[in-house]
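Before any comments, here is the structure.
Just so we're on the same page: letters track the sequence lines, and every chain starts at 1.
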Amino acid sequence: MALMRLEKIIKRFGTGTNQTMALNQIDLTIEAGQFIGLTGPSGSGKTTLLTIMGSLQGPTSGQIFFNDNEISQLNEKQRSKLRFNDFGFILQGANLVPFLTVNEQFQLVDRLRQKEGPQTAEQLLTTLGVWEQRYQYPASLSGGQRQRVAIARALYGQPALIFADEPTASLDSKRALQVAQQLADITKQTGQTIVMVSHDERVLAYTDQQYMMRDGQLT
Amino acid sequence: MYLALKEIKHAKLRYSLIIFTIFLIAYLIYFLTGLAYGLANNNRSAIDQWHAKEVIISQYANKNLAASELAVAQLPPVSGDQKDTAQLGQMMGVVSGTGLSKQNTSIFGIAFDTFLKPELQTGRYPQKANEVVVDDGLQGVKLKQQIKLNGHQQQYTIVGITNNHRYNTQPVTYLRLTDFSQLRYGTPQVTRISAFVLKGKAHVKATNQLTKLTISQMINKIPGYGPQVKTFALMISALLVIVAFIVGIFMYIITIEKTAIYGVMRAQGISGMQLVISLMWQSIFLGVIGIGLGLLGNVLTTIGLPAAVPYTNNPELISLFSGVLLIMTVVGALFSIWRILKIDPLDAIGGA
Ligand SMILES: Nc1ncnc2c1ncn2[C@@H]1O[C@H](COP(=O)(O)OP(=O)(O)O)[C@@H](O)[C@H]1O
Ligand SMILES: [Mg+2]
């Protein structure tokens with residue numbers, strides 16, 4: 001059974017002459033435990049694909065199955081729940097709540113979900129090398145530290161699927177490769193699945209499988 | 001509540017500003033209320049303590065006690081308990097005496113065995129002619145002192161003193177009805193009075209010579225009283241509405257500023273409702289602190305104000321306005337709800 005399956009996903013923005021076909025008939029199957037890389041030129045639809053898979057927006061047409069359940073027609077409340085319980089996001093820019101310390105970002109999740117996560121915040125932050133920074137606010141962290149906290153936050157609660165949109169773009173190349181290595185390790189160790197957008201060949205080298213996007217189509 | 005408080009803690013300055021604004025408005029409301037209530041009280045405190053129900057005054061007085069004169073012979077028959085009725089003579093006057101400055105007073109002629117008798121702070125009720133009870137609002141009065149009324153030669157002896165018994169803002173001087181008659185009409189024979197006061201089960205039929213007013217109607221007809229109460233009520237209501245707008249605008253600006261943060265949280269699967277609840281908690285928290293500081297300010301003001309300022313706190317009014325203030329604070333924050341619910345988690349990604 002595939003973890004996620006996309007069938008004939010189309011996404012259009014705008015109307016009439018302003019219309020953009022951001023995604024054009026995407027078919028994609030993602031197996032559990034994979035580290036998947038997504039690359040392609042700017043404007044080719046990578047972010048759009050990631051956000052549709054992550055249930056941040058719906059497709060214009062087509063179907064998305066997550067664990068064999070159709071999720072493209074869910075309402076915003078159901079999507080919110082799905083994102084909270086099953087998905088993790090590592091985004092390019094600000095990922096953290098600015099008025100919470102590193103520690104509190106995790107406490108917030110604890111408060112909102114009833115059960116304990118399988119990995120403690122301490123384990124995750126230690127693995128990613130930012131446990132020392134736990135009492136700091138995001139604004140006082142370096143870009144790399146912030147990104148690693150964001151990764152820890154995305155992994156917390158062990159979501160089945162993690163979406164990362166250019167997670168290493170703001171890091172220097174040494175850090176970028178370190179983060180790529182950590183993401184690769186996670187899929188091996190916990191069986192979590194990661195879909196990562198990146199332009200960086202050396203980062204993509206850590207992935208198990210790569211897709212290329214061009215003009216809204218997978219090649 | 002967790003999110004709400006964490007955020008306030010992180011942005012102390014901006015939330016302190018909101019609290020400070022709520023405090024200022026709350027304080028102003030309490031201050032106006034204290035003044036309004038104090039002034040209103042000064043118009044009516046002597047009347048309130050009768051716990052009466054109605055007064056009969058002359059038809060020609062145009063509902064104004066001060067202008068009423070009615071013949072005792074004219075009084076209609078009373079059904080019910082005679083003890084629940086009393087005759088009242090009322091006129092404005094001036095008190096003078098050795099060691100006393102001339103002061104305005106409201107003169108009440110009453111029988112001291114009726115329910116119109118005032119509660120005494122010290123002394124006793126008059127037992128013979130030309131003994132009086134005065135309110136301590138008259139500066140310098142003391143027991144056994146001789147005073148004159150309205151420039152007449154007659155000396156009156158103060159035998160009792162009341163506290164906070166005023167009518168139409170003037171401290172009241174109480175005389176026996178016969179002395180009142182003597183003062184006003186030159187004869188101790190009580191043939192004319194100002195009003196016939198009824199309480200409890202006493203009942204009379206109004207005639208075309210007489211007007212029956214409830215006590216609150218009568219108080220509202222005290223010259224200046226109604227407009228004054230309305231003016232204060234209007235100011236206070238306006239402030240209550242203004243607080244909703246101020247909090248609303250503040251919270252709205254903060255909400256707009258936080259759109260990206262909310263986007264991140266929405267992307268992480270935190271529901272819009274949780275963000276709304278956080279906003280509500282914030283407004284309640286800010287409101288409670290601001291109102292609390294306003295109350296504290298009010299207490300300090302009450303202690304610090306000179307006694308001459310007619311400032312009286314009414315716990316019921318203060319509780320009422322505090323409650324309404326808190327509600328208005330929350331109502332203000334409600335403006336931002338649709339804005340929060342509209343926030344798209346995609347905002348966190350920042351488009352392309
Ligand atoms: N919210 C949107 N509204 C309108 N057009 C959009 C929106 N999001 C993306 N697009 C358009 O869709 C296309 C794909 O964008 P995107 O998925 O961000 O590409 P990539 O991430 O590969 O750079 C671009 O032409 C972009 O302008
Ligand atoms: Mg992109």
Side-chain angles (χ1 to χ4, degrees), chain A residues 13 20 22 41-48 50-52 54-58 75-101 103-113 137-139 150 153-154 156-157 159 163 165-166 197, chain B residues 1-18 250-251 253-283 285-286 336-352:
Chain A
F13 291 109
T20 334
S42 185
S44 58
K46 305 181 297 293
T47 297
T48 305
L50 213 59
T51 55
I52 286 177
S55 218
L56 285 166
Q57 61 180 330
N75 65 31
E76 179 46 38
K77 202 177 160 192
Q78 294 165 317
R79 283 185 193 177
S80 188
K81 212 174 147 211
L82 188 64
R83 293 196 297 265
F84 188 73
N85 291 318
D86 297 302
F87 297 159
F89 293 90
I90 306 165
L91 305 170
Q92 208 173 343
N95 273 291
L96 301 171
V97 182
F99 53 82
L100 297 179
T101 64
N103 230 357
E104 288 165 351
Q105 312 273 341
F106 296 86
Q107 276 174 23
L108 174 64
V109 180
D110 290 340
R111 287 178 160 265
L112 296 177
R113 74 167 173 216
Y137 285 98
R153 167 66 186 79
Y156 194 50
F163 301 99
D165 196 0
E166 307 193 31
V197 171
Chain B
M1 180 117 98
Y2 179 80
L3 272 180
L5 294 184
K6 285 291 174 197
E7 185 179 3
I8 289 174
K9 195 179 142 220
H10 190 246
K12 287 189 200 74
L13 179 67
R14 70 168 53 174
Y15 287 103
S16 302
L17 283 176
I18 305 182
F250 260 119
M251 293 302 240
I253 291 172
I254 291 180
T255 302
I256 289 176
E257 257 191 24
K258 285 193 304 203
T259 305
I261 302 164
Y262 282 146
V264 169
M265 294 164 84
R266 300 279 283 112
Q268 291 176 349
I270 293 167
S271 72
M273 197 40 71
Q274 275 151 347
L275 300 179
V276 167
I277 290 169
S278 169
L279 181 80
M280 292 297 106
W281 273 118
Q282 278 180 351
S283 63
F285 181 83
L286 299 174
S336 298
I337 286 189
W338 67 272
R339 181 76 215 190
I340 290 186
L341 292 179
K342 228 181 64 179
I343 286 169
D344 194 328
L346 273 182
D347 293 347
I349 321 291

Margin query: For a 4.5 angstrom cut-off between non-hydrogen side-chain atoms, does A:Lys77 reach B:Ser271?
Written below: no
Margin query: Walk me through whether B:Met1 and A:Arg111 qualify under side chain to side chain contact (heavy atoms under 4.5 Å, CB included).
Written below: CA-CA 11 Å; B:Met1 180 117 98; A:Arg111 287 178 160 265; over 6 Å; no
Item checked: Option that, when pairs with chain B are counted at under 4.5 Å, heavy atom only, ranks first among A:Leu108, A:Leu50, A:Val97 -> A:Leu108
Check: Just checking heavy atoms, which of residues 6-15 of chain B are less than 4.5 Å from chain A?
Finding: B:Lys6, B:Glu7, B:Lys9, B:His10
Next item on the list: Could you pull out the closest heavy-atom pair between B:Val264 and A:Leu96, with the gap in Å?
Entry: CG1-N, 4.2 Å
Next item on the list: Could you tell me which non-hydrogen atom of A:Arg153 sits nearest to which non-hydrogen atom of B:Gln268, and how far apart they are?
Entry: NH2-OE1, 3.0 Å
Note to self: Heavy-atom cut-off 4.5 Å, strictly under: side chain, backbone, both or neither for A:Glu104 against chain B?
What the structure shows: both
Note to self: Could you tell me if the side chain of A:Phe99 sits less than 4.5 Å from the side chain of B:Leu3, heavy atoms only?
What the structure shows: yes
Note to self: If I measure from the heavy atoms of chain B, does A:Leu100 come under 4.5 Å with its side chain, its backbone, both, or neither?
What the structure shows: side chain
Next item on the list: Please flag which part of A:Tyr137 lies under 4.5 Å from any non-hydrogen atom of chain B: side chain, backbone, both or neither.
Entry: side chain
Check: Nearest heavy-atom pair of A:Ser80 and B:Arg266: which atoms, and what distance?
Finding: OG-NH1, 3.9 Å
Item checked: A:Arg79 versus chain B, the contacting section by heavy-atom distance below 4.5 Å -> neither
